[in-house]
Amino acid sequence: MSDIRNIKLAPSGRQKIEWVKRYMPVLKSFEEEFAPQKPFDGYRMCVCCHLEAKTAYLIQVIQACGAKVAACASNPLSTQDDVVAALVEGGADVYAIHGETMEQYESHIRSALETEPNLIVDDGGDVITMLHEEFPELLAGVIGASEETTTGVLRLKAMEKAGELKIPVIPVNDAQCKYMFDNRYGTGQSVWDGIMRTTNLIVAGKRVVVAGYGWCGKGVAKRAAALGARVIVTEIDHIKATEALMDGFDVMSMNDAAALGDIFVTVTGCEDVIVGRHFDKMKDGVLLANAGHFDCEVKVSELAEMSEKVVEMRSNVEGYVQKDGRVLNVIAGGRLVNLASGDGHPAEIMDMSFALQFLAQKYIRENHSSMRPGLMNLPEDIDYSVAVRKLKAMGGAVDVLTPEQHKYLYGD
Ligand SMILES: NC(=O)c1ccc[n+]([C@@H]2O[C@H](COP(=O)([O-])OP(=O)(O)OC[C@H]3O[C@@H](n4cnc5c(N)ncnc54)[C@H](O)[C@@H]3O)[C@@H](O)[C@H]2O)c1
């Protein structure tokens with residue numbers, strides 16, 4: 001059983017998956033190594049992620065390793081209908097349609113949970129939350145889950161603190177091979193890809209305001225500078241703000257930045273980062289985009305209330321016309337711009353993130369009897385093993401310590 005737009009779109013989806021596979025050598029090496037052993041034989045897995053080509057390849061590898069997969073979207077706008085058609089053709093149950101309403105989005109997560117998964121890959125924490133709130137009877141059958149993103153990890157930490165998290169979860173986001181690459185280089189590049197292809201405007205010479213200088217924000221700011229923008233960073237943390245300043249960016253409050261920026265990108269994981277008092281100060285024609293997980297960073301509902309009317313300026317760009325005639329342009333409705341206005345992170349980046357997801361699931365499958373409910377980091381050697389394969393695939397190499405050097409550094 002599936003609920004998708006149109007199975008006839010599968011050929012185009014297959015082509016997209018074939019393309020990314022060529023650039024995901026680490027995940028491919030796991031497929032070649034583990035598929036013959038079928039480590040997930042007899043297991044049902046629920047995958048809730050951005051349903052585009054790279055995720056589809058992860059699902060194919062998991063299927064090749066024996067699991068039965070049910071997939072749903074982690075964002076109503078990031079689903080690619082042709083890709084999910086190809087997945088259904090390949091035997092997965094998929095519940096996702098690009099542009100689905102929030103009601104549909106939630107009912108699709110419900111449908112995926114109704115397949116009674118033993119393992120969960122989540123991105124943002126919606127599946128794990130719904131599992132606990134609406135399907136407590138299924139908790140006993142879930143041996144563990146892995147979580148992809150910062151916001152999901154924060155939600156799960158809050159559940160754990162409240163004593164409400166009843167299954168073991170590996171926060172894949174917190175592995176070095178995830179946040180140092182996916183959040184920084186992946187978001188850094190794909191945010192600008194999404195903004196540029198959606199607007200067809202230049203970045204060079206513009207004042208770009210990046211809200212949040214965490215792993216994602218560093219990447220977004222650095223790539224903006226590389227494109228020739230003059231970058232302003234806003235932060236709430238003095239250390240991150242100082243880091244941004246020493247990295248060469250202007251640092252100020254959003255109240256001050258609002259009047260200066262041409263392009264705004266929020267990437268904080270916080271709510272209400274850009275609100276009415278900021279919209280009031282903005283220049284005519286500004287672009288507003290969000291790259292944080294939820295669409296609560298740019299307060300679009302308040303902007304709508306302040307506006308005379310909303311006009312579709314281009315596909316995926318809405319112009320909020322103010323009473324004084326200024327037009328503030330919101331890209332992709334304030335949803336994460338690299339996925340709702342683009343294809344997400346480059347394949348080479350998701351190669352690492354999904355290699356980690358694969359290994360996290362395999363770890364849970366092999367060790368669940370000794371895992372307790374709550375968050376448990378991916379073991380460091382597993383994290384490191386992804387870098388070993390990635391560096392080799394990219395043609396890099398490291399020096400090897402001599403016994404003397406080893407002793408000098410580590411004493412043995
Ligand atoms: N678009 C993507 O593809 C993608 C990829 C990875 C993560 N994410 C999401 O991006 C968000 C940020 O992730 P991260 O890994 O960079 O997190 P992080 O914790 O490393 O960084 C967030 C930064 O935002 C700052 N911040 C918080 N509230 C703020 C506010 N009101 N104003 C200014 N700064 C504020 C924090 O001090 C912190 O430095 C999360 O929602 C995460 O889930 C998106």
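Every number for a ligand or one of its atoms is a count from 1 in the order of the listing.
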Straight-line distance of His293 NE2 to Leu336 CG, nearest 0.5 Å: 7.0 Å
Report yes if some N/O of [X] lies less than 3.5 Å from some N/O of ligand 1; otherwise report no.
| X | answer |
| --- | --- |
| Ala291 | yes |
| Thr149 | yes |
| Lys178 | no |
| Glu235 | yes |
| Gly292 | no |

Short side-chain donor-acceptor distance under 3.5 Å, [Y] and [X]:
| X | Y | result |
| --- | --- | --- |
| Thr266 | Asn290 | yes |
| Tyr185 | Glu348 | no |
| Asn316 | Thr198 | no |
| His50 | Thr55 | no |

Distance from [atom] to nearest protein heavy atom, with residue and atom:
| atom | result |
| --- | --- |
| atom 12 (C) of ligand 1 | Val267 O, 3.6 Å |
| atom 5 (C) of ligand 1 | Thr187 OG1, 3.3 Å |
| atom 18 (P) of ligand 1 | Gly214 CA, 3.9 Å |
| atom 27 (C) of ligand 1 | Ile236 CD1, 3.5 Å |
| atom 9 (C) of ligand 1 | His293 N, 3.7 Å |
| atom 20 (O) of ligand 1 | Trp215 N, 3.1 Å |
| atom 2 (C) of ligand 1 | Asn338 ND2, 3.4 Å |
| atom 14 (P) of ligand 1 | Thr150 OG1, 3.6 Å |

Worked check of salt bridge (Lys or Arg N to Asp or Glu O under 4.0 Å) between Glu33 and Arg389: CA-CA 13 Å; Glu33 197 171 323; Arg389 289 188 191 223; 2.9 Å; yes
Whether Tyr213 and Phe249 hold their rings parallel, tilted or perpendicular, with breakpoints at 30° and 60°: perpendicular
Candidate list Asp123, Asp182, Asn183, Thr151, test side chain to side chain donor-acceptor pair (under 3.5 Å), partner Asn173, passing option: Asn183
Region of His345 engaging ligand 1 - heavy atom pairs below 4.0 Å: side chain
Mode of Cys270 contact toward ligand 1 - side chain, backbone, both, neither (heavy atoms, under 4.0 Å): side chain
contact_flag His50 ligand 1 heavy-atom lt 4.0 Å: no
Could you list which atoms of ligand 1 come closer than 4.0 Å to a heavy atom of [X]?
| X | value |
| --- | --- |
| Gly269 | 11 (C), 40 (C), 41 (O) |
| Thr151 | 40 (C), 41 (O), 42 (C), 43 (O) |
| Asp237 | 37 (O) |
| Leu336 | 1 (N), 2 (C) |

Distance under 6.0 Å and angle within 45° of ring axis: Lys362 vs Phe34: yes
Heavy-atom check, side chain of Trp215 versus side chain of Thr150, under 4.5 Å: no
Verdict with reasoning, Arg155 to Asp126, per salt bridge (Lys or Arg N to Asp or Glu O under 4.0 Å): CA-CA 9 Å; Arg155 290 175 79 188; Asp126 281 347; 2.7 Å; yes
NZ/NE/NH1/NH2 to OD/OE distance under 4.0 Å, Lys16 and Asp343: no
